[in-house]
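In what follows, a single structure is set out as structure tokens and then discussed.
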Amino acid sequence: MELKIEYLSIIDLKPYEKNTRKHQKKDVDNIARSIEKYGMCDAIGIWGEQNIIVEGHGRMLACKQLGMTDVPCVRLDHLNDEQRREYAIAHNATAELSEWDLDILPDELAELDLSAFDFDFGVSLDEDDTETKEREEIALNESVSVVVECSDDEEAEAIFEKLSEEGYKCHISTL
């Protein structure tokens, strides 16, 4: 199967009424800034005669915000209805599963200008960052917590027992 980009009028696209992703204003603003700065580099995935958006709801909102009339789309008509719905969720979930490489990211960010975006990568680019120094200077008598997410109470109890047996001071909290 070969993917083909086609340009459609934005008014001809129909958001999926059961879209499981929410887009805050900040998200849409960041997408719009990206489109302004780099162009529309990612087509909106659509399906069926009604041009239902499968993936790209945030891009569509950003394009509307920018006043765009025609947008690049890729047809996903090879999917049946169930596959379309599964793909919409899987497409978004896979991006959430990956992590930033915190050994590389600070150097890459230091060389680039992403100041137009409202991103928080949780890393500091300032070598004299006090928070980093404080973390490095944690005294032995200070307490540092580690949170382990468990799928159920049984798993939490098993991990609690194992760590307690190894001499760690533990407690279980529900988040």
Side-chain angles (χ1 to χ4, degrees), residues 1-132 135 147-151 174-175:
M1 178 189 71
E2 185 178 318
L3 294 178
K4 294 179 184 172
I5 304 293
E6 62 182 273
Y7 283 78
L8 296 177
S9 172
I10 202 164
I11 60 173
D12 291 336
L13 304 184
K14 181 180 178 187
Y16 179 48
E17 54 194 42
K18 291 185 179 179
N19 180 31
T20 57
R21 290 292 281 189
K22 295 180 180 180
H23 294 284
Q24 305 298 322
K25 180 171 178 8
K26 173 183 167 182
D27 303 331
V28 176
D29 289 347
N30 278 322
I31 296 168
R33 283 186 202 103
S34 175
I35 293 169
E36 285 179 313
K37 188 168 183 174
Y38 312 112
M40 184 71 171
C41 299
D42 197 1
I44 297 171
I46 58 170
W47 181 82
E49 292 177 11
Q50 295 180 345
N51 299 322
I52 297 170
I53 298 174
V54 177
E55 54 92 3
H57 287 83
R59 276 173 269 141
M60 186 267 306
L61 293 170
C63 289
K64 280 186 175 181
Q65 181 174 305
L66 294 170
M68 295 174 68
T69 55
D70 294 324
V71 293
C73 297
V74 61
R75 289 220 165 265
L76 303 174
D77 293 340
H78 64 282
L79 303 174
N80 65 37
D81 185 54
E82 183 177 345
Q83 290 172 327
R84 167 191 64 87
R85 291 170 38 225
E86 290 172 352
Y87 174 69
I89 293 170
H91 175 80
N92 286 297
T94 53
E96 292 177 353
L97 295 175
S98 60
E99 298 176 4
W100 294 107
D101 186 329
L102 298 179
D103 293 330
I104 298 172
L105 181 63
D107 293 335
E108 193 72 0
L109 290 175
E111 296 174 7
L112 302 172
D113 180 12
L114 295 172
S115 60
F117 299 96
D118 187 6
F119 296 142
D120 179 9
F121 294 101
V123 297
S124 173
L125 303 179
D126 184 359
E127 291 180 19
D128 294 328
D129 181 62
T130 17
E131 185 180 336
T132 304
R135 271 189 260 125
V147 176
V148 178
E149 292 184 26
C150 301
S151 58
T174 304
L175 303 176

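Computation of the quantities below employed the complete heavy-atom set of this structure, encompassing side-chain atoms and omitting hydrogens, waters and symmetry-equivalent molecules.
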field: OH on Tyr7 to CE on Met40, rounded to 0.5 Å
entry: 8.5 Å

field: Spacing of Ile53 atom CD1 and Arg84 atom CZ [to the nearest 0.5 Å]
entry: 11.5 Å

message: Nearest 0.5 Å, please: how far is CD1 in Ile52 from CG in Asn19?
response: 12.0 Å

query: Around Leu112, counting heavy atoms of other residues, nucleotides and ligands shown, do more than 12 lie under 6.0 Å from its CG?
result: yes

query: Roughly how far, to the nearest 0.5 Å, is CD1 of Ile10 from CZ of Arg59?
result: 11.5 Å

message: Please determine whether the number of non-hydrogen atoms from other residues, nucleotides or ligands lying under 6.0 Å from atom CD of Glu36 exceeds 12.
response: yes

statement: Closest non-hydrogen contact found for Leu13 with Pro15 is O-CD, 3.7 Å

task: Going by the side chain to side chain contact (heavy atoms under 4.5 Å, CB included) test, name the single residue among Asp107, Leu109, Asp101 that passes it with Leu105.
output: Leu109

- prompt: Any sub-3.5 Å donor-acceptor pair from Asp27's side-chain atoms to Gln24's backbone N or O?
  reply: yes

message: Return the CG to CZ distance between Asn80 and Arg85, rounded to the nearest 0.5 Å.
response: 9.5 Å

- line: Taking every heavy atom of Ala88 against every heavy atom of Val54, the minimum-distance pair comes out as CB-O, 3.4 Å

statement: In Glu86, Arg21, Glu55, the residue satisfying side-chain hydrogen bond (donor to acceptor under 3.5 Å, both in side chains) with His91 is Glu55

task: Check whether the side chains of Asp29 and Gln65 place a donor and an acceptor atom closer than 3.5 Å, and report yes or no.
output: yes

message: Measuring only between side-chain heavy atoms, which start at C-beta, is Arg33 closer than 4.5 Å to Lys37?
response: no

task: Would you check, one step at a time, whether the test side chain to side chain contact (heavy atoms under 4.5 Å, CB included) holds for Asn92 with Thr94?
output: CA-CA 6 Å; Asn92 286 297; Thr94 53; over 6 Å; no

- request: List the atom of Ile35, the atom of Ala62, and the distance in Å for their closest heavy-atom pair.
  value: CD1-CB, 4.0 Å

- prompt: Can you find a heavy atom in the side chain of Leu8 that is under 4.5 Å from one in the side chain of Arg75?
  reply: yes

field: Mutual orientation of the aromatic rings belonging to Phe119 and Phe117 [parallel < 30°, tilted 30-60°, perpendicular > 60°]
entry: parallel

statement: Scanning both residues in full, the closest heavy-atom pair of Gly48 with Asp77 reads N-OD1, 2.6 Å

- request: Output the distance between atom NE2 (His23) and atom NE2 (His57), rounded to the nearest 0.5 Å.
  value: 7.5 Å

- prompt: Okay, side chain of Asn51, backbone of Lys14: is any donor-acceptor separation there less than 3.5 Å?
  reply: no

